[in-house]
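Here the structure comes first, spelled out in structure tokens, and everything after it is commentary.
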Amino acid sequence: RKEVEQDPGPFNVPEGATVAFNCTYSNSASQSFFWYRQDCRKEPKLLMSVYSSGNEDGRFTAQLNRASQYISLLIRDSKLSDSATYLCVVNDMVLGNEKLTFGTGTRLTIIP
Amino acid sequence: DAGITQSPRHKVTETGTPVTLRCHQTENHRYMYWYRQDPGHGLRLIHYSYGVKDTDKGEVSDGYSVSRSKTEDFLLTLESATSSQTSVYFCAISPASYEQYFGPGTRLTVT
């Protein structure tokens with residue numbers, strides 16, 4: 001089983017729609033969680049951290065369910081500029097140092 | 001944007017040659033990382049550094065070595081490049097080993 005699993009997509013969604021991605025992780029001791037965004041042929045960029053109580057940043061909402069070990073990202077009122085690959089990232093402590101484990105990403109295309 | 005650059009941005013090299021990639025930061029962050037990204041695998045950690053001269057292996061370290069003689073520079077060396085090392089290489093930095101900020105990447109092709 002992969003440490004971090006995501007549906008690879010692609011998700012093709014009309015502009016203005018709401019889209020949600022889920023991600024599951026295998027290590028129940030994982031400490032922190034993030035969503036990164038990666039545009040084609042570019043570097044990953046931090047989109048938002050995911051907190052236990054859930055958090056919102058404009059049109060983006062992230063949720064964490066520790067009991068079921070999954071993380072979600074909701075995008076409302078999607079824009080053409082939201083087209084990208086979204087990476088789910090989990091932070092674990094390994095030998096005293098923190099280590100990020102990346103999912104393979106979910107590809108999103110917003111259709112005009 | 002975090003002050004992080006990578007050089008070269010693109011490189012084509014032949015099998016068996018040594019290759020060194022450079023990561024340079026202006027943020028004075030303690031932690032630096034080298035990843036490779038391949039289709040179907042996501043980002044995989046090669047090596048990381050938690051201070052000058054302090055480095056450790058990641059999950060795919062075979063065939064790679066690193067050095068960090070200054071806070072701002074982290075070098076990745078492919079000792080004898082193989083075709084399986086054709087990839088996109090990303091450097092990342094972090095002030096405290098959680099949120100990481102990535103450089104623009106180096107596209108390496110080994111022929």
Side-chain angles (χ1 to χ4, degrees), chain A residues 1-10 21 23-27 29-52 55 57 62 64 71 84-108, chain B residues 1-7 9-10 21 23-25 27 29-51 54-61 66 68 87-109:
Chain A
R1 182 184 172 188
K2 288 185 180 178
E3 294 180 60
V4 178
E5 290 204 61
Q6 296 181 250
D7 183 341
F21 310 133
C23 162
T24 58
Y25 61 95
S26 61
N27 184 359
S30 295
Q31 302 190 354
S32 48
F33 310 88
F34 309 93
W35 284 102
Y36 278 72
R37 170 198 169 121
Q38 186 172 23
D39 293 298
C40 187
R41 301 179 74 83
K42 297 286 190 180
E43 73 272 22
K45 292 188 176 179
L46 180 64
L47 178 65
M48 59 197 301
S49 300
V50 186
Y51 302 120
S52 296
N55 48 299
D57 183 0
L64 168 64
I71 308 148
T85 296
Y86 290 84
L87 307 177
C88 174
V89 185
V90 174
N91 188 25
D92 296 314
M93 285 294 290
V94 178
L95 299 177
N97 290 305
E98 296 185 51
K99 168 183 170 289
L100 294 187
T101 300
F102 290 79
T104 53
T106 297
R107 187 169 174 187
L108 173 66
Chain B
D1 285 350
I4 177 170
T5 57
Q6 293 183 230
S7 59
R9 295 293 313 279
H10 301 271
L21 309 183
C23 177
H24 178 79
Q25 62 150 329
E27 304 295 323
H29 285 342
R30 177 183 175 191
Y31 292 86
M32 299 185 76
Y33 307 81
W34 276 107
Y35 292 90
R36 60 179 288 175
Q37 187 174 37
D38 305 287
H41 287 279
L43 281 150
R44 292 181 292 174
L45 183 64
I46 305 171
H47 282 279
Y48 65 99
S49 169
Y50 42 95
D54 289 324
T55 64
D56 209 345
K57 296 178 179 180
E59 62 182 298
V60 290
S61 59
V66 289
R68 191 168 178 201
S87 188
V88 181
Y89 291 85
F90 287 103
C91 176
I93 62 176
S94 177
S97 76
Y98 40 89
E99 297 176 359
Q100 294 183 12
Y101 302 94
F102 287 82
T106 295
R107 292 189 173 272
L108 176 68
T109 302

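First the proteins, then the strands, lettered A, B, ... as listed; each starts at 1. FYI, side chains are in, hydrogens and waters are out, and symmetry mates aren't considered; it's all heavy atoms of this structure.
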Rounded to the nearest 0.5 Å, the CD atom of B:Gln37 sits from the CD atom of A:Glu43 at a distance of 11.0 Å
If we only count heavy atoms from C-beta on, is the B:Gln100 to A:Tyr36 side-chain gap below 4.5 Å?
yes
Going from CG on A:Leu100 to OH on B:Tyr48, what distance comes out if it is rounded to the nearest 0.5 angstrom?
11.5 Å
So, do B:Leu43 and A:Thr101 sit near enough that their side-chain heavy atoms are less than 4.5 Å apart?
no
Using a cut-off of under 4.5 Å on heavy-atom pairs, state which of B:Pro104, B:Gly58, B:Ala92 scores highest against chain A.
B:Pro104
Below 4.5 Å from any heavy atom of chain A, which atoms of B:Arg44 appear? Answer side chain, backbone, both or neither.
neither
Which atoms form the tightest heavy-atom contact between A:Lys42 and B:Phe90, and what is the distance?
O-CZ, 3.7 Å
Atom pair CD (A:Gln38) and CZ (B:Phe102), whose distance is rounded to the nearest 0.5 Å:
8.5 Å
Using non-hydrogen atoms only, which part of A:Thr85 is less than 4.5 Å away from chain B: side chain, backbone, both, or neither?
neither
Answer key: most heavy-atom pairs under 4.5 Å with chain A among B:Gly103, B:Pro39, B:Gly105 is B:Gly103
